[in-house]
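As structure tokens, the structure follows; a few thoughts come after it.
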Amino acid sequence: MKNSRPQNVILVGAQWGDEGKGKIIDLLARKSDYIVRYQGGNNAGHTVCFGNEKVILHLIPSGILHPKKICVIGNGVVIDLEALFQEIKMLSEHSISIQGRLFASDRAHIIFPYHRLIDQLREDAKGAKKIGTTKKGIGPCYADKVNRLGIRLIDLMNPRVFRERLKTVLAEKNLMLKRIFNHPPFSFDELFQTYSEYRNRIAPFVRNTSLLLDEAARKRKRILFEGAQGTLLDVDYGTYPYVTSSNASAGGALAGTGMSPARINEVIGVVKAYTTRVGEGPFPTEFPPRLMEHIRKRGEEYGATTGRPRRCGWFDALVARHSVLVNGLSKIVVMKLDVLDQLPALKICTAYRYQGKRYDDFPSDIEVLEKAEPVYEEHPGWQTPTSGIRKWQDLPPNARKYLKRLAALLKAPISIVSVGSERLQTIYIDGRYR
Ligand code: IMP
């Protein structure tokens with residue numbers, strides 16, 4: 001395995017999402033046979049260039065843009081059927097054939113309109129304490145799954161099971177809507193009718209995808225597991241409660257697809273050369289307003305799903321090191337180095353300080369995260385454009401020093417550096433990924 005590309009790879013976001021995974025997945029997908037989503041839902045948004053056009057995929061793995069690749073939506077994903085049908089329609093308008101190339105796990109849970117509504121009503125009721133969710137119904141759907149009140153694709157496939165499940169679940173939802181939110185109920189008949197129609201449309205894609213992937217692995221097909229969001233939004237390892245409701249870290253790829261851990265050869269983490277986050281929650285290295293504006297503009301830092309401006313800040317080594325640890329990252333990909341090109345000096349956060357105590361590792365306590373002072377080291381900027389550079393040795397010395405320092409702090413090698421959104425704007429340090 002030493003000089004060849006590993007067979008089965010998990011790719012995760014190592015910050016708060018939006019690291020630019022879409023471009024790297026697109027690069028790695030070319031050399032993979034199967035591309036698999038394992039968690040999240042249409043809260044994610046991967047922007048990929050399709051010819052001269054930018055296409056945003058929320059649910060379908062972006063590997064679908066490459067002919068002959070098989071794309072799988074695993075059991076750990078929550079599926080909004082309406083959103084999925086829209087994406088399928090968009091792909092067919094671009095003449096991309098998905099027949100026999102797209103499969104959704106029969107065990108995946110369905111996001112219903114009541115999930116979306118409850119997400120929105122809960123957020124509105126929280127006021128200043130809101131999480132800043134995408135309001136796509138992700139949290140309420142996962143909560144139902146864990147509460148054993150969810151409805152899976154396989155349940156929808158069986159009209160008798162579906163009728164029974166929807167009756168039970170809707171009775172509870174309608175009571176909740178009335179008692180807590182004073183909101184009118186959903187009609188069972190209307191929902192039942194609508195989703196019975198959806199049954200026929202989704203049926204050709206529904207499979208036992210664990211079997212499908214097991215067969216692929218036995219045939220030594222290359223499988224790429226694409227994480228959505230990022231490790232710091234993981235429900236277990238993120239800045240709880242300001243997280244999404246799934247395991248965005250590498251562990252999620254196993255539970256979310258049925259793949260054995262013994263079959264995973266490599267876990268790659270994607271970071272931005274700085275940090276961003278969307279929504280509420282602690283962000284110790286957040287920029288002051290002027291710098292925020294500069295980086296947001298240069299980096300086009302607006303959410304792919306909600307269009308919200310992203311919060312931007314300095315690279316936080318505690319965040320990224322935490323990701324190296326919980327994901328077992330063996331390779332790092334650094335995105336958007338070029339966004340930092342004009343800065344005269346750069347800071348890297350190497351520790352936090354709170355109430356006289358120094359934290360070298362990412363803390364779990366939300367109060368520490370909200371109030372900690374970052375400890376920075378300062379590095380000179382390179383103030384030279386890097387977006388045209390294709391080789392490591394051609395990077396300005398200060399850019400190389402900055403990247404070397406990141407790798408040393410993370411104790412993981414950097415394999416790829418991205419200096420622009422185009423496929424060619426990529427510096428391969430590890431030639432196996434070229
Ligand atoms: P939810 O996933 O819609 O429940 O939102 C929970 C938190 O995760 C919010 O802070 C969202 O902004 C954030 N979030 C969800 N999906 C993404 C993503 O794809 N990129 C970045 N942040 C996300």
Side-chain angles (χ1 to χ4, degrees), residues 11-25 37-48 56-62 76-80 83 87 109 111-112 114-126 128-146 226-249 252 256 269-272 274-283 286 296 299-313 319 323 335-336 366 369-370:
L11 187 109
V12 294
Q15 293 160 323
W16 276 283
D18 306 317
E19 296 90 353
K21 297 180 291 297
K23 170 174 165 176
I24 300 304
I25 289 162
R37 269 286 300 271
Y38 58 82
Q39 45 72 232
N42 59 323
N43 48 349
H46 285 174
T47 308
V48 271
I56 301 179
L57 288 167
H58 298 282
L59 205 44
I60 299 180
S62 37
V77 176
V78 285
I79 302 180
D80 183 325
E87 273 180 38
H109 282 247
I111 298 180
F112 282 90
Y114 50 78
H115 291 129
R116 286 195 299 262
L117 178 68
I118 291 167
D119 198 357
Q120 190 176 330
L121 292 172
R122 262 199 200 130
E123 280 286 277
D124 293 348
K126 278 188 186 140
K129 294 223 158 109
K130 69 176 191 232
I131 288 169
T133 75
T134 58
K135 299 188 178 169
K136 302 284 182 191
I138 308 292
C141 184
Y142 276 117
D144 275 1
K145 173 178 175 175
V146 177
E226 60 162 272
Q229 291 89 44
T231 305
L232 275 291
L233 287 173
D234 182 290
V235 66
D236 282 284
Y237 299 111
T239 44
Y240 193 89
Y242 298 97
V243 291
T244 192
S245 302
S246 63
N247 285 118
S249 57
V270 185
V271 294
K272 261 179 207 167
Y274 48 100
T275 313
T276 63
R277 91 171 286 177
V278 204
E280 313 308 311
F283 186 176
E286 192 163 9
R296 186 179 284 154
E300 295 177 35
E301 296 294 357
Y302 295 89
T305 299
T306 57
R308 288 179 290 177
R310 294 178 187 141
R311 300 157 66 193
C312 308
V319 161
S323 285
M335 308 299 292
K336 290 189 155 185
I366 193 82
L369 285 167
E370 276 167 349

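Counting from 1, the numbers follow the sequence of the chain as shown. Each ligand, and each atom within it, is numbered from 1 in the order the structure gives.
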State whether a side-chain donor-acceptor pair under 3.5 Å links [X] with [Y].
X: D144; Y: H115; answer: yes
X: T276; Y: D18; answer: no
X: T239; Y: R277; answer: yes

Using a strict cut-off of 4.0 Å, indicate which atoms of ligand 1 neighbour a heavy atom of D18.
-> 20 (N), 21 (C)

Under 3.5 Å between some N or O of ligand 1 and some N or O of T134?
->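 Such a contact does occur with ligand 1.
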
Where on [X] is there a heavy atom closer than 4.0 Å to ligand 1, on the side chain, on the backbone, on both, or on neither?
X: T306; result: neither
X: W16; result: backbone
X: L233; result: side chain
X: R308; result: side chain

K136 touching ligand 1 at heavy-atom level, < 4.0 angstrom |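 In this structure, K136 fails to qualify as a contact of ligand 1 - no heavy atom is under 4.0 Å.
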
S245 near ligand 1, heavy-atom distance under 4.0 Å?
->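 No heavy atom of S245 comes that close to ligand 1.
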
Which residue and non-hydrogen atom of the protein lie closest to [atom], and at what distance in Å?
atom: atom 18 (C) of ligand 1; value: Q229 CG, 3.8 Å
atom: atom 5 (O) of ligand 1; value: T133 CA, 3.3 Å
atom: atom 10 (O) of ligand 1; value: V278 O, 3.2 Å
atom: atom 2 (O) of ligand 1; value: T244 OG1, 2.6 Å

Got a salt bridge between R296 and E301, using NZ or NE/NH1/NH2 to carboxylate O under 4.0 Å?
-> no

Carboxylate-amine/guanidinium proximity below 4.0 Å for K336 and E300 =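 Here K336 does not pair with E300 in a salt bridge, since their nearest N and O are not under 4.0 Å apart.
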
Using a cut-off of 6.0 Å, state whether more than 12 heavy atoms not belonging to Y237 lie near its atom OH.
-> no

Looking only at non-hydrogen atoms, find the nearest pair between I24 and L11 and report the distance.
-> CG2-CD1, 3.7 Å

